[in-house]
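Written out below as structure tokens is the structure these notes cover.
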2 protein chains.
Amino acid sequence: MFSKTCQYAIKAVIYIHKQSLVGKKVGAKEIGQEIDAPDAFTAKILQILVRQQVVGSFKGPTGGFFVDKSHESKTLKDVVMAIDGDGLFHGCSLGLKQCSEVNPCPLHFEISNVRTKIIHMLTVKSLKQLAEEVGDGTTVLARFA
Amino acid sequence: MFSKTCQYAIKAVIYIHKQSLVGKKVGAKEIGQEIDAPDAFTAKILQILVRQQVVGSFKGPTGGFFVDKSHESKTLKDVVMAIDGDGLFHGCSLGLKQCSEVNPCPLHFEISNVRTKIIHMLTVKSLKQLAEEVGDGTTVLARFA
DNA sequence: ATCATAAAGGATAAAATTATCCTTTATTAT
DNA sequence: ATAATAAAGGATAATTTTATCCTTTATGAT
């Protein structure tokens with residue numbers, strides 16, 4: 001459903017939100033260790049998320065990744081869009097070019113119901129809300145390792 | 001949602017069903033051309049589907065791939081399971097090892113709804129039923145190319 | 001100003017997925 | 001029996017995804 005990269009991205013973003021809730025910026029290395037992903041690869045993913053303005057970053061000492069008011073309304077859908085693109089949400093699920101209402105693939109109508117549920121799942125709560133639910137900083141590792 | 005290989009597999013199986021409806025066996029090459037997939041790769045996919053008994057095959061002249069009574073009740077879920085495995089249906093969608101009711105990931109409960117819809121989509125009709133709906137032999141190309 | 005720190009970015013490598021080619025095996029037609 | 005046909009299977013290659021390493025740029029601390 002989600003690429004491995006996207007799974008990392010989701011975990012990373014929630015961790016950043018959690019740490020921002022207690023006023024902490026976090027480094028790529030720390031994030032990688034927390035979410036059990038290679039740190040250099042995590043850094044690459046974070047670059048994309050920063051460019052797409054899903055999270056913010058600062059360079060230098062005391063720098064790191066964080067979120068502020070401007071990121072509060074972001075959702076998991078934004079993360080998935082940034083990393084995996086819109087394939088989950090749009091286009092023929094069998095990869096047909098001319099799939100349409102009048103010339104539908106065998107999944108054309110059923111996939112709509114599925115996508116409605118997926119979009120609901122990924123937008124019903126903001127990333128901030130999700131982060132608040134995950135638990136305090138000491139339990140994050142238990143959930144993400 | 002589905003790997004490219006799985007998309008090929010779905011199209012191939014529906015095409016085989018359609019041709020079996022009119023009593024025809026079909027070769028890997030013909031299938032590949034019909035579904036717009038490389039034929040050698042299509043042949044590999046078909047090998048798996050035969051082993052998993054999603055379709056049948058015969059070697060030699062007049063040979064090819066087909067389905068009979070024994071395949072009638074197979075569904076798209078069987079195809080997806082054979083090619084992509086059960087990742088869509090089971091396990092943590094974020095790839096966490098210890099994700100559970102008591103220690104759930106942020107998607108743990110929502111993903112269940114999505115999976116229910118996915119399973120419905122992939123099992124509500126048999127492959128045979130789907131094939132019957134796709135149209136007659138002359139329109140298949142328009143749908144799959 | 002200088003140094004240390006951390007993100008950004010470029011180049012490269014490893015692994016997995018997708019794709020091709022060739023040989024072997026089974027089956028049919030002659 | 002022999003030849004022709006088509007799936008099965010093995011080996012290899014191309015592409016994409018995932019991962020690593022090193023240099024550059026920005027920022028803060030001293």
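Keep in mind that the numbers below use all heavy atoms, side chains included, and drop hydrogens, waters and symmetry copies. Here the structure is a predicted model, which means the values were calculated and not measured.
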Sorted by chain and residue number, the salt bridge (charged side-chain N to carboxylate O under 4.0 Å, His left out) partners of B:Lys128 (sequence neighbours excluded) come out as B:Glu72
B:Glu133 side-chain N/O to B:Leu130 backbone N/O, donor-acceptor pair under 3.5 Å: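 Not confirmed, B:Glu133 side chain does not pair with B:Leu130 backbone.
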To the nearest 0.5 Å, what is the distance between [atom1] ([X]) and [atom2] ([Y])?
X        : Y        : atom1 : atom2 : result
B:Cys6   : B:Lys4   : SG    : NZ    : 13.5 Å
B:Arg115 : B:Met121 : CZ    : CE    : 13.0 Å
B:Lys11  : A:Cys105 : NZ    : SG    : 9.0 Å
B:Leu76  : A:Leu94  : CG    : CG    : 8.0 Å

Any base atoms under 4.0 Å from [X], or only sugar-phosphate, or nothing? Heavy atoms, all strands.
X       : value
B:Ala37 : nothing
B:Val55 : nothing
B:Lys29 : nothing
B:Ala43 : nothing

Please report the end-to-end axis angle for the helix from C:dA1-D:dT30 to C:dT30-D:dA1, five pairs per end, rounded to 10 degrees. 0°
With a 4.5 Å heavy-atom cut-off, do [X] and [Y] have their side chains touching?
X       : Y        : answer
B:Cys99 : B:His108 : yes
B:Gln7  : B:Ile35  : no
B:Leu88 : B:Ile118 : yes

If you link I, L, V, M, F, W and Y whenever their side-chain heavy atoms are under 4.5 Å apart, who else ends up in the same group as B:Leu21?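 Its cluster partners, ordered by chain and number, are none at all.
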With a cutoff of under 4.5 Å between side-chain heavy atoms, which Ile, Leu, Val, Met, Phe, Trp and Tyr residues group with A:Val22?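 Members other than A:Val22 - counting any ILVMFWY side chain reachable under 4.5 Å - there are none.
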Taking atom C1' of C:dA13 as reference, at what distance in whole Å does atom NZ of A:Lys44 sit?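 Going from NZ in A:Lys44 over to C1' in C:dA13 covers 13 Å.
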Rounded to whole Å, how long is the line connecting atom CZ of A:Phe66 with atom P of C:dA6?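 The answer, rounded to whole Å, is 16 Å.
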Nucleic acid contacts of residues 76-92 of chain A, taken as heavy-atom distances under 4.0 Å to DNA chain C: none
Who are the side chain to side chain contact (heavy atoms under 4.5 Å, CB included) partners of B:Asp39, not counting sequence neighbours? B:Lys29
Quick check on contacts: within residues 45-52 of chain B, what sits under 4.0 Å from DNA chain D by heavy-atom distance?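 Per residue number, the list reads B:Gln47, B:Val50, B:Arg51.
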Could you tell me which residues satisfy ring-ring contact (aromatic ring centres under 6.0 Å, His included) with B:Phe66, sequence neighbours excluded, listed by chain and number? B:Phe58
Nucleotides bounding contact with chain A, strand DNA chain D, heavy-atom threshold 4.0 Å: D:dT18 to D:dA29
Protein and nucleotides 26-30 of chain C: nitrogen or oxygen contacts under 3.5 angstrom:
unit_1: C:dA26; atom_1: O4'; unit_2: B:Lys59; atom_2: NZ; d: 3.3

For residues 70-99 of chain B, pull every pair meeting ring pair (Phe, Tyr, Trp, His ring centres under 6.0 Å), keeping only residues two or more places apart or in separate chains. none
Pairing residues for A:Ser70 by the side-chain hydrogen bond (donor to acceptor under 3.5 Å, both in side chains) criterion, not counting sequence neighbours: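 A:Asp68.
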Note: A:Lys125-B:Glu110 ion pair, threshold 4.0 Å (strictly below):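 Looking at B:Glu110 together with A:Lys125, the answer is no, because their closest N to O distance does not fall below 4.0 Å.
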Are B:Lys4 and C:dA19 close enough that a side-chain N or O sits under 4.0 Å from OP1 or OP2? yes
C:dT17, OP1 or OP2 - any side-chain N/O from B:Thr5 closer than 4.0 Å?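 Negative; the distance criterion is not met.
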